[in-house]
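First the structure, in the form of structure tokens, and then the observations on it.
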Amino acid sequence: MNARKGHLILLLTLILVVACNADDDGGLKKDFYKKSCPQAEKLVRDITWSKAQTDPTLGAKLLRVHYHDCFVQGCDGSILLDPVGTNQSEKNAVPNLTLAGFDVIDDIKTQVEQACPNTVSCADVLSLAARDAVSFPFKKPMWDVLTGRRDGSVSLASNVAGNLPSPFADFSTLAQIFSKKGLNVNDLVVLSGAHTIGVAHCGTFSRRLYNFTGKGDADPSLDAAYAGLLRSQCPNPANPATTVEMDPQSSLSFDSHYFDTVMKNKGLFQSDAALLTNQGAAKVVQQLQSPDAFFPKFAKSVKKMGAIEVLTGTAGEIRRQCRVVNQS
Ligand code: HEM
Ligand SMILES: *[C@@H]1O[C@H](CO)[C@@H](O)[C@H](O)[C@H]1NC(C)=O
Ligand SMILES: *[C@@H]1O[C@H](CO)[C@@H](O)[C@H](O)[C@H]1NC(C)=O
Ligand SMILES: *[C@@H]1O[C@H](CO)[C@@H](O)[C@H](O)[C@H]1NC(C)=O
């Protein structure tokens with residue numbers, strides 16, 4: 001082979017590699033429904049905003065459902081499927097506690113189907129509605145959502161363990177699970193900032209409050225005064241229905257306070273505190289303590305999360321109802 005030919009092949013290979021790498025959004029597009037259902041995105045937003053007006057916790061609910069959908073078998077709407085017969089679906093698995101907002105997704109999907117039958121996937125409805133519910137107080141979209149996802153037909157409770165980190169996870173476990181989803185340490189820290197909204201049940205952190213090391217003590221990595229406050233909210237044994245705000249006094253407000261609380265050793269879960277146990281991660285926590293720093297980074301990482309193992313093109317289906325796969 002002469003040198004010129006060799007260069008040409010090298011160049012073509014390079015172009016191919018660059019072209020493939022540019023496509024890290026899994027084949028999703030901005031405004032995928034522009035031609036097929038031009039009103040889709042506005043319809044989802046209008047319905048979501050009217051629901052968010054009466055339920056200020058909707059943003060936290062839907063953002064968590066979107067995260068659970070994406071981490072278990074990709075953002076394919078499988079979290080929305082109900083169990084069939086004796087087959088337990090993802091929403092039956094242990095971490096589903098308080099997963100909520102499914103009724104809102106149903107309402108949106110019903111109206112979208114009326115406007116554009118068989119066109120807009122449940123996975124896209126969820127991804128858009130999560131963004132819109134969080135964005136409601138700001139009256140503008142807080143991040144871009146690419147669309148074109150299609151719906152999967154498999155949802156198994158047994159797929160959840162190992163794909164969703166537990167709140168007791170240490171740093172290396174968290175980093176490992178995120179890396180399997182194509183998310184790096186920066187994404188892990190940034191996305192943990194979602195805990196700036198929402199609540200948690202006592203059982204997800206109360207082991208940190210009582211006899212943590214077997215000496216009748218609390219987790220030494222948890223601020224002692226804050227541990228005391230949490231013990232008063234979650235007595236031992238706690239009522240399993242009791243919840244506390246993850247970002248005290250600010251759990252309805254999507255802001256950067258989460259990173260302040262983590263810095264002060266007041267991160268609620270062991271998995272939140274674990275972010276300070278790695279030098280690189282701790283540095284990111286420190287850098288995200290303002291909305292100006294956090295919001296653009298969150299926009300980037302949540303977009304990456306929304307592209308995990310998506311089905312596009314002719315894969316999967318457009319489910320007519322989000323709770324059941326299409327019959328026939
Ligand atoms: C880093 C690993 C993560 C762990 C271990 C974790 C764990 C948890 C746990 C245990 C709860 C409380 C559930 C309850 O008791 O009701 C929770 C709530 C929540 N999580 Fe995470 N989470 C993680 C990452 C994420 C990510 C990446 C997002 C979204 C981008 C997210 C969004 C939320 C939201 C919004 C809530 C509040 C839900 C509500 O108030 O209804 N989490 N998380
Ligand atoms: C339950 O799951 C099994 C395999 O995962 C499948 O073969 C079967 O058809 C499912 N049953 C129902 C009622 O969907
Ligand atoms: C979560 O799982 C429990 C236990 O399997 C089940 O009783 C509950 O209905 C599930 N929650 C949702 C929202 O599906
Ligand atoms: C605390 O843990 C230690 C070691 O596991 C155990 O011996 C002790 O009885 C526990 N104390 C309480 C009050 O549960």
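First listed ligand is number 1; within each ligand, the first listed atom is number 1. Quantities reported herein were computed from a predicted structural model and do not represent experimental measurements. Hydrogens, waters and symmetry mates are skipped; everything else that's a heavy atom, side chains included, is used.
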Under 3.5 Å, is there a donor-acceptor pair between the [X] and [Y] side chains?
X: S78; Y: E90; result: yes
X: D292; Y: S290; result: no
X: D247; Y: H195; result: no
X: K61; Y: T57; result: yes
X: S250; Y: H257; result: yes

Need the ligand 1 atom indices (1-based, order shown) with element for anything under 4.0 Å from a heavy-atom of [X].
X: G198; answer: 37 (C), 40 (O)
X: L191; answer: 26 (C), 27 (C), 30 (C)
X: S192; answer: 1 (C)
X: P167; answer: 5 (C), 10 (C)
X: A200; answer: 12 (C), 14 (C), 15 (O)

With heavy atoms under 4.0 Å as the rule, classify the contact between [X] and ligand 1 as side chain, backbone, both or neither.
X: S166; answer: backbone
X: S271; answer: side chain
X: H195; answer: side chain
X: T204; answer: side chain

protein heavy-atom neighbour closest to atom 11 (N) of ligand 4 works out as N211 ND2, 2.8 Å
the protein heavy atom lying closest to atom 5 (O) of ligand 4 turns out to be G214 CA, 4.4 Å
Tell me whether [X] is salt-bridged to [Y], with the criterion being a basic N under 4.0 Å from an acidic carboxylate O.
X: K264; Y: D223; value: no
X: R149; Y: D124; value: yes
X: D76; Y: R150; value: no

Taken to the nearest 0.5 Å, the spacing of F269 CZ from L174 CG works out to 11.5 Å
With a cutoff of 4.0 Å, is [X] in contact with ligand 1, counting heavy atoms of the residue only?
X: M246; result: yes
X: F178; result: yes
X: A169; result: no

Hey, is atom 2 (O) of ligand 4 touched by any protein heavy atom at less than 4.0 Å? yes
To atom 35 (C) of ligand 1, the nearest of A60, P240, G59 on a heavy-atom basis is A60
Relative to each other, are the rings of F254 and W143 parallel, tilted or perpendicular (30° and 60° limits)? tilted
